[in-house]
Amino acid sequence: MSDQATSKTGFLNLYLGGSGTLAADPFKELWKADGGTVPAYAVVLDTDNPPPGLLDRGLVDGFIPVRLDADQIRAVKATPQSFGPTVEEIAREVGMLLSEEELCHGARTTRCLAQLLFEVRRGDVAAALNHHLREFMHRGGCNKILPVLVASSGGGTGSSLIILLAAALLQNEFRNLVLQSLTKGLLLTPLGFVVEPHYRAIQHAEQPDHTSKILGNAMAFRIESARIEKLGGFKNIYHLGLSNTKGAVLDSERDVARVLGTCLYQFEKHYEAKIKPRTVDTSDLQGIFGRYTGQDVLEALPKRVRPPFAAVAPSDNGRS
Amino acid sequence: MQPKIPCLSMLAVHEQCLRRAGINAAYVQVESTGVNDAACRLFARVTDMLLARPIEQGTLPGLDSLHPESLSEKHYAQLAAIPALSDPGLNAENQDARFRVLRDLRGNVGSDLARELAARAHAIVHDEAERFCSALQGAYAVAPGAVREAVLGVKSALERMRLPVSNDKALPRWLNLKNIADKLRQRRAVLPPCTVKLLHETIASEVRDLYEVCLRGLALTCIVAAWGEEKSKLLRFLEDLAKRTSDVVAATTSVKKCLEDKRASVTRDQHVSRASVVKPLAGPNEDQVIAGMLAQLHAGDETALARVLLDRFETSLREVCPRICAWIGPTEPFPELLRHILPDTQANEFLVVVAQAMGPGQSLYEVLERDGIDDAVDFLYHRSEPTVDLSGRDMPQLGICPERLCIVTLPTPHGPKDCKIRDDARAAFEKIDPTCTFVDAPATDRSVTVTRLIIGFPIAIEGQTPNLLSHYLEAKKHGHRPHLFGVVPESPDGKAIDQYDALLSISPPHEREP
């Protein structure tokens, strides 16, 4: 007797940091107008307090704080080695930034501070994700869940948590905690929805140092996410930039929120029926086997034109 | 001097997966709050109409039917039919038997008869109370506002009601007469026979009257006892009904607020920049919307229009009820749907009802046609282009063939010309991009949305990378650590990667490519 179980995929939207949370309101508005037909569940993770009313108004289904209070920060500073080598390293290298007064309000554009908070709270985050997965399954009746990590690439919190979560889900220990008592195949490879931080940088145009920090973080995100992608931590990462060649400019928080929420909703609504069938034979395969073959890369340049301190291995033209 | 050579602003590009994507959306927005204004105005009329509906004459039984005295008449009729309590007439032996039964019942001696009487009394009171509640429930379904007033009146009357007290003197008087009759019998030899007969007849006659009084008293006592229990149940029912009617009023107020919030939100969204992804369309104002609806529905005035909309609103809530409020049956009274369905959902449904009733020339499609279909389609398609720049490197010779998708969401047609306009819009989209996919928007979504995706390129070729690299290295000068610790091997301590200085020195972003 054949088992013809219909697979139902649900979307676990993890809004990471302040910019990630911008999508919550417009997404929920579209979701409600559609009669809640898309199986979606939303959780905010942040190092700061959530915007007031987010939970009360039902815009998200849960909030996972990735933060420490003043006493806990003092404890971590006093004995960082008790929280693992990464925390110890961060405390040693940037200890001057671990202020009890400031860190209570979030990572504030310094990505490794969000990393420290995440590492200390790692177990709690995994347990909370497990709780929310079970809650989602009760409501949605899904047998597959696609995590969608929504964040800005330039902030301190969102751009860190998206990398950290994707990397953590590749590690057996964390993944097993998240999937405790659930089936191993429940969680699919995450997707990323990333807002470029140009609109934030524009807001700080009078502080070029801060602008450089934000946009520098975005570059770091690109480098790190390329590595995590290669390890299989992301299925795809969708970027939303500032402008296109046809006159659109999204440089206000309102526009960004609206477009992010709309794109996220439309993507999830049409993923199974319209997007996946188109990509399964094309971009999904290209994602595994395809590589850029152009020669305008540093590794392909003749040795004579490379600076002496550029100690890079020669390129194999994408054969690996 | 080292020549500047164009090269991508990332290291190990050939190792990058082709998993990056871009996504963007554009949509139309009717630049007026006419529909929302009309919905707010008409909803106020609809709720006033519902809450002001009177209770139809004869729907509710009078409160007198619940009074213990009238209920005890029914019970008296039942008691008189019971052989042990039936009319003894003037027969002394029967009268004595009735006396004993009535005395035992009065003395609360437990017996099958006593239990039967209590059960019958309870049934009479309960049935009448049920009938009254059922009538109120029926009135609530049609006229919740008027029922609220009625319930308050009934509650007040019940609380003021003084329970009648039965005549306690009849049975002792009967006992006296019985004793007199006994003594008369004992002394009948002493008195003249006609006197004895006359006295016996007089006593029997009075006893018969007393029997009736006692029986009525018994009926009243049983009814009053049952009434005490039933009264508290009735008061609870009335409390619950009063609360429900208040909830209905509160629900309509909440729905009204939701409609006003939606209008405020639409007003806020009206200001659209020319560089936005939103295509503004000039829509009808409130009076035009209402005038159109009056013509469309052949309504003489707004009151008649409100009546039609009220019926349609009720139908619409019954249709969505199983999906969004499954614990309430779709056949429940309309006020129950108003109480239980979320105000925001009700507001959305009412907006759909208004949109579906709009007159000619006012549907989204007709507004779109007036504005220019080709113009709108062109705007939507091109403004929704993903905001990523592939630097011209999306070419098969470079191994990059990203998948491009365009999903167009079109609202359901309402007006008579809408189907044709929708087809024209589809054709206009297909003319630009034959691979567009079309889907229907939900009923409450009165917008055309275009979502475009481009999937399958390496992040290194994205056009902003050189700019970001400059800032990355600039921030490095100020001691900023942009990386996470240990995620990339080249940055175990979060610092910017030194090799990237090489890239900038070889190919600064501001240098033009040869």
Side-chain angles (χ1 to χ4, degrees), chain A residues 33-35 86 89-90 93 111-112 115 160 163 209 212-213 215-220 222-224 226-227 229-230 234 236-244 246-249 255 259 262-263 266 270 274 278-279 282-283 286-287 290-294 296-298 305 307 310 312 315 317-318, chain B residues 5-8 11 13-23 25 275-277 323 344 348 382-383 385 387-388 393 398-400 402-403 405 407 437 439 442 444-445 451 455-456 458-459 464-465 468-469 471-472 474-475 478 480-488 493-494 499 502-503 505:
Chain A
D34 203 2
T86 305
E89 181 82 13
I90 295 173
E93 293 287 332
R111 298 175 77 229
C112 58
Q115 184 178 16
S160 307
I163 298 291
D209 290 354
S212 287
K213 273 173 76 174
L215 297 177
N217 285 348
M219 182 69 195
R222 289 187 176 205
I223 296 167
E224 290 165 5
R227 174 162 174 79
E229 251 175 1
K230 202 172 148 201
F234 285 107
N236 293 104
I237 298 177
Y238 286 81
H239 286 257
L240 282 87
L242 180 80
S243 64
N244 62 21
K246 300 294 189 284
V249 176
D255 287 343
V259 171
T262 303
C263 287
Q266 293 290 332
H270 302 299
K274 304 288 178 194
R278 283 279 292 273
T279 60
T282 53
S283 54
Q286 279 281 65
R291 290 293 184 272
Y292 179 68
T293 56
D296 52 342
V297 298
L298 184 68
V305 302
V312 291
S315 165
N317 282 4
Chain B
I5 301 163
C7 88
L8 293 176
L11 298 174
V13 176
H14 286 159
E15 293 173 25
Q16 287 186 1
C17 301
L18 308 189
R19 290 190 181 276
R20 289 305 158 119
I23 188 169
S276 173
V277 293
R323 195 159 35 88
D344 195 59
N348 283 336
H382 290 112
R383 284 290 169 100
E385 179 190 86
T387 47
V388 289
R393 286 171 171 82
L398 301 176
I400 312 294
E403 182 71 33
L405 287 97
I407 302 172
T437 303
V439 291
T444 52
D445 186 0
T451 309
I455 308 169
I459 192 59
Q464 282 298 313
T465 306
L468 296 180
L469 175 60
H471 287 282
Y472 175 81
E474 184 61 30
H478 301 287
H480 179 59
R481 297 185 193 226
H483 282 287
L484 299 172
F485 279 49
V487 171
V488 290
D493 54 4
Q499 286 98 321
L503 269 181
S505 70

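All chains are named by letter (A, B, ...) in the order of the sequence lines, taking the proteins before the strands, and each is independently numbered beginning at 1.
Between B/E385 and A/K246 there is a salt bridge, since at least one side-chain N of the basic residue sits less than 4.0 Å from a carboxylate O of the acidic one.
Using a 4.5 Å heavy-atom threshold, the side chains of A/Q286 and B/E403 count as separate. Residues B/Q464 and A/H239 fail the side-chain proximity criterion, which asks for heavy atoms closer than 4.5 Å. A/D255 has its side chain out of reach of B/V277: every pair of non-hydrogen atoms, C-beta onward, lies at least 4.5 Å apart. Between B/Q499 and A/L298 the shortest side-chain heavy-atom distance does not fall below 4.5 Å.
Closest of all the heavy-atom pairs between A/T86 and B/F485 is CG2-CB, 4.4 Å. The two atoms that bring B/V439 and A/H270 nearest to each other are CG2-CE1, 3.3 Å, heavy atoms only. The two residues A/K230 and B/E15 come nearest to each other via the heavy atoms NZ-OE1, 2.9 Å. Smallest separation of non-hydrogen atoms from A/A220 and B/P482: CB-O, 3.4 Å.
Only the side chain of A/R227 comes within less than 4.5 Å of a heavy atom of chain B; its backbone N, CA, C and O stay farther away. Looking at A/I237, both its backbone and its side chain come within 4.5 Å of chain B, counting heavy atoms on both sides. Only the backbone of A/S243 comes within contact range of chain B, with at least one heavy atom under 4.5 Å from a heavy atom of that chain.
For the set B/A475, B/A21, B/G456, the count of heavy-atom pairs under 4.5 angstrom toward chain A peaks at B/A21. Ranked by non-hydrogen atom pairs under 4.5 Å with chain A, the options B/L405, B/D344, B/N348, B/D493 are led by B/L405.
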Working for side chain to side chain contact (heavy atoms under 4.5 Å, CB included), residues A/L242 and B/T387:
CA-CA 6 Å; A/L242 180 80; B/T387 47; over 6 Å; no
Please lay out, stage by stage, how B/R393 and A/D296 fare under the test side chain to side chain contact (heavy atoms under 4.5 Å, CB included).
CA-CA 11 Å; B/R393 286 171 171 82; A/D296 52 342; 2.6 Å; yes
